[in-house]
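The next block holds one structure in the form of structure tokens; read it before the comments.
Remember, predicted model here, so these are calculated numbers, not experimental data.
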Amino acid sequence: ERQLVESGGGLVQAGGSLRLACVASGFSLDDWAIAWFRQAPGKEREGVSSVSTSDGTSYYSDSVKGRFTVSSDNVKNTVYLQMNSLKPEDTAVYSCGATLKPGLKETWTDDSYYFYWGQGTQVTVST
């Protein structure tokens, strides 16, 4: 069974850092694209970042550009999201999704683009 499992969420003060991990099981992440999305209460799910595990090409939303960094470790079958300079507005449930579809640059923020999803991990940033 193909699964994605996120970890690394928690409670952090504004200005702090967290590193989220998205571990794939049942399949190899080689040649897949992985994205991080987040959803805050009462808000729509928002694409945060994505990475192509084949060539490392990555994309970021304007709201996190310069603060978050996505990376992949194909040996560990894991994609990471390093989140620095966290703000209260970053508070949300963060989930990772995986896809093999082409066209990542144009469609990575569309959550219907992804085949598999993890269950999510809560990130709470306090003032």
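Side chains of Asp55 and Ser52: a donor-acceptor N/O pair is present below 3.5 angstrom, by distance only. In this model, no donor atom of one side chain and acceptor atom of the other lie less than 3.5 Å apart for Glu89 and Ser63.
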| message | Checking Val51 against Val79 for the side-chain contact (heavy atoms from CB on, under 4.5 Å) test, could you report, in this order, the C-alpha distance in whole Å, the side-chain angles of both residues, the deciding distance, and whether it holds? | response | CA-CA 8 Å; Val51 62; Val79 169; 3.9 Å; yes

| Stepwise, does the side-chain contact (heavy atoms from CB on, under 4.5 Å) test hold for Leu18 with Val123? | CA-CA 9 Å; Leu18 285 173; Val123 171; 3.9 Å; yes

| said: Between Val64 and Arg38, does the side-chain contact (heavy atoms from CB on, under 4.5 Å) criterion hold? Intermediate values first, please. | reply: CA-CA 12 Å; Val64 307; Arg38 67 186 181 186; 4.0 Å; yes

| query | Between Ser95 and Gln119, does a side-chain contact (heavy atoms from CB on, under 4.5 Å) hold up when you go through it step by step? | reply | CA-CA 6 Å; Ser95 303; Gln119 83 291 347; over 6 Å; no

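Between atom CG of residue Asp73 and atom OG1 of residue Thr78 there is a gap of 6.5 Å, rounded to the nearest 0.5 Å. In this structure, NZ on Lys101 lies 5.0 Å from CZ on Phe115, to the nearest 0.5 angstrom. Here Thr53 contributes atom OG1 and Asn74 contributes atom CG; the two are 5.0 Å apart, rounded to the nearest 0.5 Å. The line from CG of Asp111 to OG1 of Thr99 is 11.5 Å long, rounded to the nearest 0.5 Å. Going from atom CZ of Arg2 over to atom CZ of Phe27 covers 7.0 Å, rounded to the nearest 0.5 Å.
For the pair Trp108 and Tyr60, the minimum side-chain heavy-atom distance is 4.5 Å or more. For the pair Val23 and Glu6, the minimum side-chain heavy-atom distance is 4.5 Å or more. For the pair Phe68 and Ser49, the minimum side-chain heavy-atom distance is 4.5 Å or more. Between Ser25 and Asn77, every side-chain heavy-atom pair lies at or beyond the 4.5 Å cut-off. Counting heavy atoms from C-beta outward, Arg19 and Leu81 have side chains that stay 4.5 Å or more apart. At a threshold of 4.5 Å between non-hydrogen side-chain atoms, the residues Gln122 and Thr91 count as touching. Annotation: side chain of Val93 is not in contact with side chain of Thr121 (no heavy-atom distance under 4.5 Å).
Neither Leu100 nor Leu104 shares a network with the other; the hydrophobic side chains, linked directly or stepwise wherever heavy atoms of I, L, V, M, F, W or Y lie under 4.5 Å apart, form separate groups for each.
In this structure, Asp90 and Ser85 approach most closely via the heavy-atom pair OD2-O, 4.4 Å. Of all non-hydrogen atoms in Asp31 and Ser54, the two that sit nearest each other are OD1-CB, 3.6 Å. Of all heavy-atom pairs spanning Pro88 and Thr127, the tightest one is CG-CG2, 3.6 Å. Summarising the geometry of Ile34 relative to Ala98, their closest heavy-atom pair is CD1-CB, 3.4 Å, with the distance given to 0.1 Å.
Around CD of Glu106, the count of heavy atoms belonging to other residues, nucleotides or ligands within 6.0 Å exceeds 12.
Asn84 pairs by the side-chain hydrogen bond (donor to acceptor under 3.5 Å, both in side chains) definition with Ser17, Gln82, not counting sequence neighbours.
A side-chain contact (heavy atoms from CB on, under 4.5 Å) with Val70 is found for exactly one of Tyr59, Trp36, Tyr80, namely Trp36. When each of Tyr113, Tyr94, Trp117 is checked for a ring-ring contact (aromatic ring centres under 6.0 Å, His included) with Phe37, only Trp117 meets the rule.
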